[in-house]
Participant: 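Dumping the structure here so I can ask a few things about it.
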Amino acid sequence: MATKQKLLFVTGNKNKLSEMQDLLGDHFQLDNISIDLPEIQGSSIEVAREKCRKAAEIAKGPVYVEDSGLGFGALNGLPGPYIKWFLDSVGIEGLVKMLDGYTDKSAIASCTVAYSAGPGSEPIIFEGIVKGSIVDPLGSRHFGWDPIFKPDGYEDTYASMDVALKNTFSHRFLAVSKLRQYLEKELELRKSLAVME
Ligand SMILES: O=c1nc[nH]c2c1ncn2[C@H]1C[C@H](O)[C@@H](COP(=O)(O)OP(=O)(O)OP(=O)(O)O)O1
Ligand SMILES: [Mg+2]
């Protein structure tokens, strides 16, 4: 059997790592450096890009990171990339309460993956978004805001559905599918160049 291509994912979040393992483990040997990288103030793309530059310097080689967000329609996309600090401060009940005065409960879950071929190599961005709404907490509380995000077209929240189902359409699945396509093309290109040499 061909050896799997190695891929280094820098994240301090073990739930992300576990989902990534399910999403990429078939073709890639996923290694992990567990660091909670500093996050700048900016859009999800800017945050992910900076995390990735830092990660490539630390790893001294190819690496990828991701930044996840949850934005509320009623708040013009906030908290978005700042959801982690809102979640840590007010908890999931507090997040639901933030929308009490609004009829618009729409929300967008986003995953912004950034891949760099190594230190000094400009990160490439892959995005995945899923539209849904904010509901009262339902399901297991082990991963972030999963209990209050109900994707459109489903009766369950991310937390009350099987993670295997979440992984077939989630914001992370969509972003990672683009990364996978890119890496597979890159591998093919390297193989064809090796033949020409
Ligand atoms: O699918 C998800 N379902 C529910 N919650 C999620 C998901 N994905 C991230 N989350 C949470 C984790 C953190 O509270 C915030 C994102 O912040 P974010 O900076 O991307 O994650 P993090 O600091 O935990 O890990 P990392 O070291 O990769 O930056 O939303
Ligand atoms: Mg983070």
Side-chain angles (χ1 to χ4, degrees), residues 7-24 30-59 63-72 77-96 98 107-116 123 125-135 137-151 154 156-177 179:
L7 195 55
L8 183 61
F9 178 35
V10 179
T11 181
N13 188 315
K14 59 178 189 340
N15 290 308
K16 282 188 185 178
L17 182 62
S18 157
E19 286 190 8
M20 285 293 180
Q21 197 61 50
D22 291 346
L23 291 168
L24 287 169
L30 211 62
D31 294 331
N32 169 242
I33 303 183
S34 178
I35 319 174
D36 194 359
L37 290 160
E39 288 170 23
I40 63 161
Q41 194 173 327
S43 68
S44 300
I45 292 179
E46 289 161 340
V47 173
R49 191 186 283 135
E50 274 311 305
K51 272 163 91 170
C52 191
R53 287 192 182 123
K54 190 98 217 128
E57 277 167 27
I58 293 168
V63 70
Y64 86 100
V65 302
E66 64 110 290
D67 199 69
S68 302
L70 184 67
F72 300 158
L78 285 173
Y82 307 114
I83 188 68
K84 180 174 177 171
W85 289 275
F86 278 76
L87 189 59
D88 288 353
S89 307
V90 300
I92 44 178
E93 274 80 10
L95 286 174
V96 176
M98 276 172 63
I108 288 183
S110 68
C111 177
T112 308
V113 166
Y115 171 82
S116 164
I125 306 290
F126 308 92
E127 283 191 291
I129 64 159
V130 168
K131 291 184 182 169
S133 54
I134 300 301
V135 296
L138 184 66
S140 144
R141 293 191 174 222
H142 83 283
F143 191 8
W145 36 264
D146 267 359
I148 57 165
F149 183 73
K150 187 186 86 61
Y154 294 85
D156 283 311
T157 61
Y158 266 170
S160 64
M161 64 178 64
D162 201 316
V163 69
L165 175 60
K166 178 187 174 190
N167 284 344
T168 62
F169 71 91
S170 74
H171 54 304
R172 184 160 293 107
F173 164 82
L174 295 171
V176 164
S177 300
L179 171 69

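Counting starts at 1 for both ligands and their atoms, in listed order.
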Participant: Would you say the side chain of Tyr64 lies within less than 4.5 Å of the side chain of Val113, judging by non-hydrogen atoms?
Facilitator: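 Yes. Closest side-chain heavy atoms under 4.5 Å.
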Participant: Between Glu50 and Arg53, is there a salt bridge with N-O shorter than 4.0 Å?
Facilitator: yes
Participant: Could Asp146 and Lys166 be called an ion pair, given the rule that one side-chain N must be under 4.0 Å from one carboxylate O?
Facilitator: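 Between Lys166 and Asp146 there is a salt bridge, with a charged N closer than 4.0 Å to a carboxylate O.
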Participant: Answer yes or no: is there a side-chain heavy-atom contact under 4.5 Å between Phe143 and Tyr158?
Facilitator: no
Participant: Does the pair Glu127/Arg172 count as a salt bridge with the N-to-O cut at 4.0 Å?
Facilitator: no
Participant: Which protein residues have a heavy atom closer than 4.0 Å to any atom of ligand 1, listed by chain and number?
Facilitator: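 Within 4.0 Å of ligand 1, the protein residues are Thr11, Gly12, Asn13, Lys16, Ile35, Asp36, Glu39, Lys51, Glu66, Asp67, Ser68, Ile83, Lys84, Leu87, Phe143, Gly144, Trp145, Asp146, Lys166, His171, Arg172.
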Participant: Do Ile92 and Phe149 touch side chain to side chain, with heavy atoms closer than 4.5 Å?
Facilitator: no
Participant: Which of these passes salt bridge (charged side-chain N to carboxylate O under 4.0 Å, His left out) with Asp67: Arg49, Lys51, Lys84?
Facilitator: Lys51
Participant: How are the rings of Trp85 and Tyr82 set relative to one another: parallel (under 30°), tilted (30 to 60°) or perpendicular (over 60°)?
Facilitator: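 Tilted.
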Participant: I need the protein N, O or S atoms closer than 2.8 Å to the Mg ion (ligand 2), given as residue plus atom name.
Facilitator: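 Correct list: Glu39 OE2.
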Participant: Checking Glu66 against Ser68 for the side-chain hydrogen bond (donor to acceptor under 3.5 Å, both in side chains) test, could you report, in this order, the C-alpha distance in whole Å, the side-chain angles of both residues, the deciding distance, and whether it holds?
Facilitator: CA-CA 7 Å; Glu66 64 110 290; Ser68 302; 2.6 Å; yes
